[in-house]
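Worksheet: one structure, shown below.
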Amino acid sequence: MAKAGLRMVYARLLRRYGPQHWWPGDTPFEVMVGAVLTQNTAWVNVERAIANLVEANALDPARMAAMSETRLGELLRPSGYFNVKARRLRSFCRWYLATGGYDRLSMLDTDDLRRQLLAVHGVGPETADDILLYAFTRPVFVIDAYTRRIFGRLGMITGDEDYETLRRCFETGLKRDVPLYNEYHALIVRHGKDVCRPRPLCGECCFARSACAYYRDASNP
DNA sequence: TACCAGGAGAAAA
DNA sequence: TTTTCTCATGGT
């Protein structure tokens with residue numbers, strides 16, 4: 001993928017939306033919990049589930065690991081897939097405690113930490129990379145559905161490449177820079193929510209053609 | 001009413 | 001190995 005194209009899209013997204021100040025979460029552990037809960041789920045519903053955890057004084061790896069899946073599922077209900085996510089979060093918390101928590105995990109190199117995350121039940125490539133970038137501040141580019149849709153419509157990718165292929169595309173096309181990866185992914189999500197929807201909701205973005213007319217038209221901000 | 005949302009794992013082909 | 005199915009609440 002053309003490096004100039006990647007830089008151009010970033011510059012235009014940043015100019016249009018400004019810094020997004022991601023990830024919403026007060027602690028690295030809360031970021032990790034949010035990364036699991038947001039799987040195929042709107043963030044507003046994740047916030048409700050996290051609020052339930054805080055209210056129950058359960059936003060803690062030891063307490064979540066000790067809680068029954070049924071009880072944890074009740075707290076996670078607003079985020080959807082609550083039975084699935086209760087099991088995944090308990091698996092994650094058991095792993096997190098067994099490995100010694102944040103300080104010990106921070107000592108691992110990025111590749112090793114990524115391999116360990118991917119071995120946890122319920123942590124796939126996107127969730128692992130969310131955690132690496134936003135909780136451990138590692139230079140890993142997160143690929144999500146918005147990334148595929150936006151860059152597919154721009155004609156820069158086909159959109160059906162496998163995850164690792166796309167991650168390499170972005171990481172080799174951009175300098176290894178945590179603040180850049182952080183902001184770029186946040187802007188992609190913002191633009192995806194804003195105008196680059198699955199179906200046309202406004203005239204700003206072309207949904208009928210393979211390329212995105214919005215970014216082809218240099219007069220747009 | 002139908003679609004969509006910051007995926008992942010299991011089952012089926 | 002690749003594709004399809006399942007999980008679920010809440011907003012638009």
Side-chain angles (χ1 to χ4, degrees), chain A residues 9-10 13 17 19-25 28 30-53 55 69-95 114-136 138 140-153 157-167 170 181-202 204-205 207-208:
Chain A
V9 172
Y10 177 73
L13 289 171
Y17 299 110
Q20 300 298 297
H21 306 294
W22 265 33
W23 180 293
E30 185 178 332
V31 170
M32 297 182 227
V33 170
V36 173
L37 294 182
T38 198
Q39 292 169 358
N40 208 33
T41 300
W43 182 256
V44 63
N45 293 335
V46 174
E47 289 181 315
R48 293 192 175 98
I50 290 177
N52 284 348
L53 291 170
E55 176 71 20
E69 273 184 26
T70 302
R71 171 58 180 151
L72 185 55
E74 290 172 5
L75 298 173
L76 302 181
R77 179 177 286 272
S79 70
Y81 307 122
F82 53 87
N83 290 318
V84 170
K85 288 175 179 174
R87 187 178 314 153
R88 290 179 182 176
L89 269 186
R90 280 192 2 114
S91 297
F92 180 83
C93 289
R94 284 197 297 270
W95 167 80
R114 190 169 195 271
R115 274 192 294 274
Q116 290 208 33
L117 282 165
L118 289 172
V120 178
H121 172 82
V123 178
E126 183 182 336
T127 304
D129 292 344
D130 276 333
I131 290 171
L132 286 167
L133 178 60
Y134 292 103
F136 287 96
R138 303 300 175 91
V140 174
F141 201 93
V142 179
I143 305 298
D144 66 352
Y146 289 128
T147 311
R148 293 178 185 277
R149 188 188 308 156
I150 292 168
F151 287 88
R153 285 176 180 166
I157 62 174
T158 66
D160 58 359
E161 294 91 342
D162 65 65
Y163 187 95
E164 293 304 322
T165 299
L166 284 179
R167 189 166 71 91
F170 282 84
Y181 290 2
N182 179 321
E183 195 61 56
Y184 208 152
H185 176 62
L187 287 164
I188 286 169
V189 173
R190 174 66 187 274
H191 185 59
K193 288 179 178 175
D194 192 25
V195 295
C196 200
R197 303 291 192 80
R199 289 166 179 252
L201 295 177
C202 69
E204 288 187 285
C205 204
F207 301 92

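Within every chain, numbering begins at 1; the chains are lettered A, B, ... in the order of the sequence lines, protein sequences first and strands thereafter.
For A:Arg94, the CZ atom sits in a packed shell: over 12 heavy atoms of surrounding residues, nucleotides or ligands are nearer than 6.0 Å.
Taking the P atom of each, B:dA11 and C:dA8 are spaced 15 Å apart, rounded to whole Å. The same atom, P, is picked in B:dC3 and in C:dC5; the two are 16 Å apart, to the nearest Å.
Heavy atoms of A:Lys85 sit nowhere under 4.0 angstrom from any nucleic acid atom. A:Asn83 comes within 4.0 angstrom of sugar-phosphate atoms only, judged by non-hydrogen atoms across all strands, and of no base. Here A:His121 lies in heavy-atom contact (under 4.0 Å) with sugar-phosphate atoms only. Nucleic acid contact class of A:Ser79 (heavy atoms, under 4.0 Å, all strands): none. Counting any heavy atom pair closer than 4.0 Å across all strands shown, A:Gly124 reaches sugar-phosphate atoms only and no base atom.
Remark: A:Arg167 is not positioned above the aromatic ring of A:Phe141, lacking an NZ or CZ atom under 6.0 angstrom from the ring centre and at most 45 degrees off the axis.
Following rounding to the nearest Å, A:Asp144 (CG) and B:dC4 (C1') show an atom-to-atom distance of 14 Å. Atom CZ in A:Arg88 sits roughly 4 Å away from atom C1' in B:dA8 (whole-Å rounding). Summarising the geometry, the separation between CZ on A:Arg148 and P on B:dA5 is reported as 14 Å, rounded to the nearest angstrom. In this structure, OH of A:Tyr81 is placed 13 Å from P of B:dC4, rounded to the nearest angstrom. In this structure, CE of A:Met32 is placed 19 Å from C1' of B:dA8, rounded to the nearest angstrom. Rounded to whole Å, atom C1' of B:dA5 lies 9 Å from atom NZ of A:Lys193.
One N or O on the side chain of A:Lys85 and one on the backbone of A:Ser79 form a donor-acceptor pair closer than 3.5 Å. A:Tyr134 places a side-chain N or O within donor-acceptor distance of the main-chain N or O of A:Asn182, the cut-off being under 3.5 Å. Between the A:Arg48 side chain and the A:Trp43 main chain, no donor and acceptor come within less than 3.5 Å of each other.
In this structure, A:Gly122 and A:Asp130 both approach DNA chain B, and ranking their closest nucleotides by distance from the 5' end singles out A:Asp130. Comparing A:Arg48 and A:Phe82, the nucleotide of DNA chain C nearest to each residue sits closer to the 5' end for A:Phe82.
The pair A:Glu164-A:Arg114 counts as a salt bridge, with a side-chain nitrogen and a carboxylate oxygen less than 4.0 angstrom apart. With respect to the salt-bridge test (charged N to carboxylate O, under 4.0 angstrom), the residues A:Glu74 and A:Arg71 qualify.
A donor atom on one side chain and an acceptor atom on the other are not found under 3.5 Å apart for A:Thr127 and A:Asp130.
A heavy atom closer than 4.0 Å to some atom of DNA chain B occurs in A:Thr38, A:Gln39, A:Asn40, A:Thr41, A:Ala42, A:Trp43, these being the qualifying members of residues 35-45 of chain A.
Residue A:Tyr17 is tested with A:His191, A:Glu183, A:Arg190 for a side chain to side chain donor-acceptor pair (under 3.5 Å); the sole match is A:His191. Under the ring-ring contact (aromatic ring centres under 6.0 Å, His included) test applied with A:Phe170, the options A:Tyr10, A:Phe151, A:Tyr181, A:Tyr163 reduce to a single match, A:Phe151.
If you walk DNA chain C from 5' to 3' and mark each nucleotide with an atom closer than 4.0 Å to a heavy atom of chain A, the marks span C:dC7 to C:dG11.
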